[in-house]
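Taking it in order: structure first as structure tokens, then the write-up.
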Amino acid sequence: MQSGTGGISSVIDTSKIEAMVAQLKAAAARASGPAAPEADAAASQAGTTSMGRMDFANILKSSLDSVSDQQQQAGQLSKAYSMGDNSVNLSDVMIAGQKANIALQTTIQVRNKLVTAYTEIMNMQV
């Protein structure tokens, strides 16, 4: 979002994306260890295959679901506050809204990086 006079930009720093990639790599390292059958079932729901490899589609889906959940929660809090619910504070509504906005902006930046990487790969000479 841009402020009228301050010129504040909502561009996400690439260090956040790099931190997310580092978290994914750490999760992959943890998942590559020996796993019990119970851990195998939990790992498949967390986005890993039975071989301990990260399944990109599952990780992407869970990330998008998380962003969607944050947006829905922010919407519900906003609606409750505007309906006059005394149990909802304005600060909680604003924080939830900002968290949802940051999650969405991060997702957009990751998408942009993926599209750029895909374009570069497609333009490579074979």
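For the atom pair NZ of Lys113 and OG1 of Thr116, the computed distance is 6.5 Å after rounding to the nearest 0.5 Å. Ser91 contributes atom OG, which lies 9.0 Å from atom OH of Tyr81 (distance to the nearest 0.5 angstrom). Rounding to the nearest 0.5 angstrom, the gap separating the OG atom in Ser68 from the CD atom in Gln73 is 11.5 Å. Summarising the geometry, atom OG1 belonging to Thr107 is positioned 11.5 Å from atom CD1 belonging to Ile102; distances are rounded to the nearest 0.5 Å.
Considering every non-hydrogen atom in both Ser78 and Val93, the closest pair reads CA-CG1, 3.8 Å. When all heavy atoms are compared, the tightest approach of Leu77 to Ala96 is CD1-CB, 3.6 Å. Contact detail for Gln70 and Lys99: the closest heavy-atom pair is OE1-O, 3.5 Å.
Every residue two or more places apart in sequence or in another chain that forms a salt bridge (Lys or Arg N to Asp or Glu O under 4.0 Å) with Lys61 is listed here: Asp65. Here Ser82 pairs with nothing under the side chain to side chain donor-acceptor pair (under 3.5 Å) rule; sequence neighbours left out. Partners of Asn89 under the side chain to side chain donor-acceptor pair (under 3.5 Å) rule, at least two apart in sequence or in another chain, do not exist in this structure.
In this structure the side chain of Arg111 never reaches within 4.5 angstrom of the side chain of Leu114, judged on heavy atoms.
Transitive grouping of hydrophobic side chains (ILVMFWY, heavy atoms separated by less than 4.5 Å) brings Val88 and Met94 into a common cluster. Under the 4.5 Å side-chain contact rule for hydrophobic residues, Val110 and Leu64 share a cluster.
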